[in-house]
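Let me begin by presenting the structure, written as structure tokens, before commenting on it.
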Amino acid sequence: MLASLAALGVTVATVAVAAGVPASAETSASDRQQAYTAAAGEFGVPVDVLLGVSYLESRWDANAGQPSTSAGYGPMHLTDAAYLAAQPVAADDTVAPEDARGDDDRPAAKAIEAPADTPDPAALQTMDVAAQLTGASKEDLRTDPAANIRGGAALLSAYQKQIEGPTGSDSDPAAWYGAVARYSGADDETAAAAFADEVYAQIAAGASRTTDDGAAVNLTAAAVNPVKSWLDRLHLRKLARPDGLECPVNLDCEWIPAPYEQYGPGAGDYGNHDLGNRPAQQKIEYIVIHDTEGTYPGVINLVQDPTYLGWHYTIRSNDGHIAQHIKAKDVGWHAGNWYVNAKSIGIEHEGFAAKGTWYTEAMYRTSSKLVRYLALRLGIPLDRQHIIGHDNVPGTTPSTVAGMHWDPGPYWDWSHYMDLLGAPIWNLGTPYGGVVTIKPNYATNQPAFTGCVTAGVLCAPHGSGSVILHTAPDASSPLLSDFYLDKGKPATMLVSDHGARAETGQQYAIADRQGDWTAIWYLGQKGWFYNPASNPAAAWSTGLVAKPKAGKTSIPVYGRAYPEAAAYPAGVPVQAQAAMTGYVLAAGQRYVVGGLNMPGEYYRAVTFDGSGPGDWTVIRGQEKYVQIQFGHRIMYVKQADVDIVPAFLP
């Protein structure tokens with residue numbers, strides 16, 4: 001359990017519940033602004049501070065009482081990890097484990113398992129203290145936004161008293177810097193300060209939005225120069241920032257290295273990543289967004305295990321703290337596809353794709369700043385063909401497709417994330433431009449997924465960036481089928497089954513239109529989605545599309561772009577380029593191009609010291625590939641097999 005009230009230097013009597021305001025009283029969405037004002041007055045917190053903290057946690061959303069990916073509830077992100085951990089976990093339909101290394105030339109890397117977590121109680125169990133301070137039940141604090149806001153105000157007040165700062169709703173917001181930093185739950189000074197700086201930047205900028213449950217909330221911009229010396233009274237640990245850390249200087253980052261170590265007698269008995277010389281030797285094309293499926297401390301333990309897996313960065317949910325583990329030049333084992341691993345940076349975000357339904361604003365902001373920094377530094381386009389989820393990475397061969405992971409899942413808000421990256425999704429075309437960019441209204445788009453907590457049971461309604469695809473322009477028609485995931489049957493609404501699911505930011509060629517319905521080419525089929533002009537699920541766009549070269553009835557698609565056999569030096573085993581025979585890209589179909597003139601490449605790395613034949617070299621062929629958006633995942637076709645044309649041409 002987290003710090004007791006005594007440790008905070010306060011008692012329940014200190015912040016007693018105001019007479020006549022029951023802790024469980026619900027406030028309608030239309031009164032949400034008043035809920036912030038009332039809670040600020042009751043607990044002696046400047047309302048701008050309360051609104052600023054809440055915005056950085058949840059953007060004021062209630063999230064229907066569902067948990068964040070780090071066990072936080074409500075607009076104030078009151079954490080209750082113990083409660084969430086006690087909930088049942090749905091059975092996953094994955095039929096085979098993913099090999100995170102994804103290299104046919106090596107034995108499978110150790111499978112990912114749920115990490116043994118040792119969470120920081122102060123960061124992940126603030127609900128207990130909020131309940132004691134307010135007298136509200138934990139159920140009310142989880143589900144009633146007004147009670148939750150009171151709980152957050154009570155915590156801020158208690159933190160301010162702990163450091164003997166001035167209190168009162170009319171006190172100077174500048175003097176609350178220490179309490180705001182403490183609210184982050186961070187255990188180091190730099191992380192706590194980074195959170196507080198974001199809150200005060202938001203206060204200065206102001207904000208106004210309608211929340212997910214229809215509440216209009218406003219934070220009027222106010223110039224506040226915070227007194228940062230209050231941070232000293234928290235007595236947090238100070239982290240050294242080593243030279244060479246690949247992270248923006250204004251973000252809170254630390255170096256926790258993933259070990260490159262030999263742990264057995266064989267030349268291939270090493271982990272948990274490979275050395276490389278990127279981008280000088282091989283261009284980095286992708287940044288892969290993951291979630292951890294475990295809490296931050298346990299995942300950090302795993303990445304330091306040489307017998308396990310390695311990725312480049314981990315981001316903590318409650319405050320956005322970043323740990324770097326592998327240099328950009330080196331290759332992580334994270335995406336289940338060696339071709340993608342060799343050409344990507346992997347970023348893990350603390351959270352769960354199904355069990356938690358939303359990600360904190362603090363994590364979205366830090367992640368977007370890191371990704372933008374890396375993309376600009378490495379020349380990676382800021383679009384959804386190159387900033388991809390783990391769920392967008394293709395299987396390498398037909399046998400690996402079913403086991404590929406599906407994080408960060410349908411609750412990751414790609415539209416908001418692209419806004420933060422400075423690459424928003426615009427409507428730049430007309431219905432006749434030939435392309436759509438998926439972009440439903442995240443808050444109101446709430447597909448009826450199942451299996452988030454209990455197998456076969458509907459998930460709680462929640463916003464999503466996913467659009468569901470049908471076989472006909474009719475909501476009662478069957479869903480599309482993914483040959484490898486659904487075995488010829490219609491896809492399901494299981495939260496992990498994306499066999500008939502297009503995601504925000506992905507682009508598809510228009511196949512047909514009928515009334516309020518639009519069809520796209522998807523996995524060799526026409527996929528129909530409801531797309532009325534009054535509430536569009538996609539933006540009209542244009543671009544280049546690939547179609548089978550004239551005279552070809554169909555062409556193969558691949559999960560990787562490996563070189564032709566003639567490109568391999570003597571002694572180096574040829575890596576087979578296995579076509580996905582269960583997928584058909586037939587004449588008449590078109591798919592949006594994400595990359596052109598991509599040479600077939602294989603980065604050879606199978607021994608610890610680089611002593612194997614051809615080790616630590618990039619084998620590059622003459623054959624060129626085209627990246628396409630084939631289904632939920634990207635795929636590759638040989639450039640010689642396709643014609644590339646503007647989407648608006650027939």
Side-chain angles (χ1 to χ4, degrees), residues 69-70 100-101 109-110 112-124 184-195 236-263 270-276 278 287-335 341 344-351 360 362-363 365-367 369-371 373-374 377 390 407-408:
T69 57
S70 54
R101 188 160 46 220
K110 187 174 179 180
I112 294 178
E113 301 170 354
D117 287 336
T118 53
D120 172 15
L124 297 179
S184 70
D187 63 352
D188 74 86
E189 188 175 89
T190 307
F195 178 88
L236 300 174
R237 66 191 180 104
K238 300 180 188 294
L239 292 180
R241 186 177 177 113
D243 292 338
L245 196 63
E246 295 168 320
C247 196
V249 294
N250 61 337
L251 291 187
D252 171 49
C253 303
E254 66 175 316
W255 175 246
I256 301 178
Y260 184 74
E261 294 179 9
Q262 189 166 13
Y263 54 76
Y270 69 93
N272 55 15
H273 60 282
D274 279 293
L275 302 184
R278 307 183 308 174
I287 296 175
V288 182
I289 304 298
H290 303 256
D291 77 40
T292 60
E293 297 300 314
T295 59
Y296 181 84
V299 170
I300 291 298
N301 288 338
L302 286 179
V303 79
Q304 296 178 86
D305 180 351
T307 69
Y308 203 66
L309 314 173
W311 50 92
H312 294 83
Y313 299 87
T314 304
I315 305 182
R316 194 162 59 199
S317 175
N318 60 291
D319 58 356
H321 174 70
I322 299 170
Q324 184 178 2
H325 313 298
I326 300 173
K327 296 289 189 179
K329 71 179 185 66
D330 297 327
V331 180
W333 301 346
H334 61 91
N341 280 341
S344 70
I345 300 288
I347 304 178
E348 291 278 1
H349 297 74
E350 182 183 18
T360 65
M363 185 161 66
R365 289 194 181 194
T366 329
S367 175
K369 289 178 181 178
L370 174 63
V371 168
Y373 162 85
L374 292 170
R377 179 171 172 257
H390 193 175
D407 58 296

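Heavy-atom basis, side chains included; hydrogens, waters and symmetry copies ignored.
In this structure, a donor-acceptor pair under 3.5 Å is present between the side chains of His321 and Glu254. Counted by atom type alone, Ser367 and His349 present one or more donor-acceptor pairs between their side chains at under 3.5 Å. His325 and His312 share no side-chain donor-acceptor pair at under 3.5 Å.
If you take CD1 on Ile345 and CD1 on Ile289, they are separated by 11.0 Å, rounding to the nearest 0.5 Å. Atoms OH and OH, from Tyr263 and Tyr270 in turn, are 9.0 Å apart once rounded to the nearest 0.5 Å. To the nearest 0.5 angstrom, Asp319 atom CG is 10.5 Å from Met363 atom CE.
Shortest non-hydrogen contact noted between Gly310 and Val303 is CA-CG2, 4.2 Å. Smallest separation of non-hydrogen atoms from Ile322 and Cys247: CD1-SG, 4.0 Å. Among all heavy-atom pairs drawn from Gly351 and Thr292, the shortest one is N-OG1, 3.0 Å. Taking every heavy atom of both residues into account, Leu370 and Pro248 meet most closely at CD1-CD, 4.1 Å. Ile315 and Gly320 get closest at one heavy-atom pair: CG2-O, 3.7 Å. Closest heavy-atom contact between Cys253 and Leu245: CB-CD2, 3.5 Å.
Under the 3.5 Å distance criterion, the side-chain polar atoms of Gln304 are left unmatched by any main-chain donor or acceptor of Ile256. In terms of modelled atom types and a separation under 3.5 Å, the side chain of Thr69 and the main chain of Glu350 share a donor-acceptor contact.
Each of His290, Glu246, Glu348 was scored for a side-chain contact (heavy atoms from CB on, under 4.5 Å) with Tyr313, with one residue passing: Glu246. Under the side-chain contact (heavy atoms from CB on, under 4.5 Å) test applied with Trp311, the options Asn272, Val299, Ile347 reduce to a single match, Val299.
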List the steps, then state whether salt bridge (charged side-chain N to carboxylate O under 4.0 Å, His left out) holds for Asp188 with Lys238.
-> CA-CA 6 Å; Asp188 74 86; Lys238 300 180 188 294; over 6 Å; no
Can you list the steps and then say if Asp187 with Arg237 is a side-chain contact (heavy atoms from CB on, under 4.5 Å)?
CA-CA 7 Å; Asp187 63 352; Arg237 66 191 180 104; 3.4 Å; yes
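Lys327 meets the side-chain hydrogen bond (donor to acceptor under 3.5 Å, both in side chains) test with no other residue; sequence neighbours excluded. In terms of the side-chain hydrogen bond (donor to acceptor under 3.5 Å, both in side chains) criterion, residue partners of Asp407 (sequence neighbours excluded) are, by chain and number, His390. Val331 meets the side-chain contact (heavy atoms from CB on, under 4.5 Å) test with Asp274, Arg278, Trp338, Asn341, Tyr603; sequence neighbours excluded. Evaluation of the side-chain contact (heavy atoms from CB on, under 4.5 Å) rule for Ala192 yields Ala181, Ser184, Ala186, Leu231, Leu236 as partners, not counting sequence neighbours. For His273, there are no side-chain hydrogen bond (donor to acceptor under 3.5 Å, both in side chains) partners two or more places apart in sequence or in a different chain. With sequence neighbours left out, Pro257 forms a side-chain contact (heavy atoms from CB on, under 4.5 Å) with Trp255.
Contact of the Ser70 side chain with the Thr360 side chain is registered, since non-hydrogen atoms from C-beta on lie closer than 4.5 Å.
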